[in-house]
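Atoms within a ligand are numbered from 1 in the order they appear, just like the ligands themselves. As the structure is a computational prediction, the values presented were derived from the model and not from experiment. Counting begins at 1 with the first residue of the sequence.
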Amino acid sequence: SRLQRSLILFLLAFLFICGILSYPSLTEQWRVTVKAVDRVEAVQEAFRHAWKGYKAFAWGHDELKPISKTHGEWFGLGLTLIDALDTMWILGLKDEFAEARKWVETELSFSKNVDVNLFESTIRILGGLLSTYHLTGDTLFLDKAKDIGFRLMPAFKTPSKIPYSDVNIGKGTAHPPRWTTDSTVAEVTSIQLEFRELSRLTQDPQYQNAVEEVTRQVHRLEGKHDGLVPMFINTNSGKFTRRGAFTLGARADSYYEYLLKQWLQGGKKETELLEDYLQAIEGVKKNLLRQTSPSKLTFVGELSNGHLNPKMDHLVCFLPGTLALGAHNGLPADHMDLALQLMETCHQMYAQMETGLSPEIAHFNLQSNNGRDIDVKPADRHNLLRPETVESLFYMYRFTKDSKYRDWGWDILQSFNKYTRVPSGGYTSISNVRDPVYPSPRDKMESFFLGETLKYLFLLFSDDNELISLDKYVFNTEAHPLPIWPSTS
Ligand code: DMJ
């Protein structure tokens, strides 16, 4: 009847309105649930999920290809497994660690006819083994570190003593890339923490001597611009080449990081390192810093023959953390001011994307119009699961205890889970951070996701300040903690 129909309609309308009214409380409830989740456990869970994929489809190989359920090889040395060793130890994943240790003991051999990149194998393999040795006291890792360290030494046999980029660890020969005799400046200046530590542990000075010769030469080299270094250095002449381009991003980034960290590693005695670092930060302030329109986000641009290009690699997001570490160690307070500003910008590089994940490169708006602060070119829209922003969030939280840094890191972890997690195990790089419907998975889990990204997230959320105290350890550029030398060393 008409009356019955009206009653049903009334009832439906009533239920609909009740649904709308209860929505905010549902949202609220959801928020409370998320807050209650133990963030530290969420990182352990993410690690286990990544490890599950690696174990199932890539065990003992360099990288997991989680979509095609297979592996990729770079050096053929179990790169992900070695990079992840100290992360497992720090996260307290004892069973996973034990399995990986067994592989290192029984399967890992460096006596192989393979070309490896000196920098990448130093920061990931040598750094990973040294740090795992320090955390565990297990000499298996020290023995392996000595083996790979010794096998990398032929790289330094060049006319200038500036090392070649590639070494054959089986044959003991080294060479530059096929197309040039140049090496990358960041690469030759970001192997020092590891080789210096190897010398200290072995009492064999050859490692330290080789890398400090590079530091000495770069220190006095012509072609810097207010302490900023070009991106290439020639292995024959020992001079900077392709001068005129200055960036804190790819090919130069960790040069700056290692100036500060070597100074810390050595107990703040090597004043030339400190001088170069301080000069470089002044150079950044004078030449590369700009603010966006309309929101006045501070960023570090790139200089190309005197012209400022308003773009910044995600790689540059290591800088807030490094600046904060310097300020914590007595360097000027305005370094911390800059760190706070750059941290906000790196956060915005995630928050303003539709997936909540940063692109590889951001372009910034300098025009005083009402455009967006951040623009991303189609070719730069990928995210490789890189660590630099969560690395800096970790430093910023340790030094300020401002909980917003934890919240920002939590948002990033959730975005990784939402857009890069592969159900059968593992996480994947994606090609388009602007497309939440189909972010275009790339089918690759980089070893630094386990070596760095998840480790820094765990340390960010952990309340244990003594877990890798920043007054006792320096992290190498692949997040492997190495001890600050005791003053008697
Ligand atoms: C890592 O291998 C290191 O952090 C390096 O310093 C830069 N590139 C990757 C991570 O982005």
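Residues His314 and Tyr350 bring their aromatic ring centres within 6.0 Å. Between His49 and Tyr427, the ring center distance clears the sub-6.0 Å criterion.
Numbered from 1 in the order shown, with element, the atoms of ligand 1 that lie under 4.0 Å from a heavy atom of Pro387 read 10 (C), 11 (O). Annotation for ligand 1: atoms under 4.0 Å from non-hydrogen atoms of Phe448 are 1 (C), 2 (O), 9 (C), 10 (C). Applying the 4.0 Å criterion to heavy atoms of Leu315 picks out, from ligand 1, the atoms 7 (C), 8 (N), 11 (O).
Residue Glu257 does not touch ligand 1, judged by heavy-atom distances below 4.0 Å.
Salt-bridge annotation for Arg386 and Glu360: present, with a side-chain N of the basic residue lying under 4.0 Å from a carboxylate O of the acidic one.
Where the criterion is an N or O separation shorter than 3.5 Å, residue side chain and backbone included, Thr477 meets it with respect to ligand 1. Polar contact check, Arg386 against ligand 1: a nitrogen or oxygen pair lies under 3.5 Å apart.
When all heavy atoms are compared, the tightest approach of Gly451 to Thr87 is O-OG1, 3.4 Å.
For the pair Glu388 and ligand 1, a heavy-atom separation below 4.0 Å is found. Residue contacts with ligand 1 include Ile123, since one of its heavy atoms falls under 4.0 Å from the ligand. Heavy atoms of Ser254 stay at 4.0 angstrom or farther from ligand 1. Residue-ligand proximity: Arg124 is placed with a non-hydrogen atom under 4.0 Å from ligand 1.
A donor-acceptor pair shorter than 3.5 Å cannot be found between the side chains of Asn432 and Ser440. Checked by atom type, the side-chain pair Ser190/Ser254 shows a donor-acceptor distance below 3.5 Å.
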Salt bridge (Lys or Arg N to Asp or Glu O under 4.0 Å) between Arg216 and Glu213: does it pass, once the steps are laid out? CA-CA 5 Å; Arg216 260 191 302 277; Glu213 172 63 21; 3.4 Å; yes
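Looking only at protein heavy atoms, the nearest one to atom 2 (O) of ligand 1 is Glu478 OE1, 2.6 Å.
Partner of Phe240 under the side-chain contact (heavy atoms from CB on, under 4.5 Å) criterion, chosen from Asn234, Asp182, Val229: Val229.
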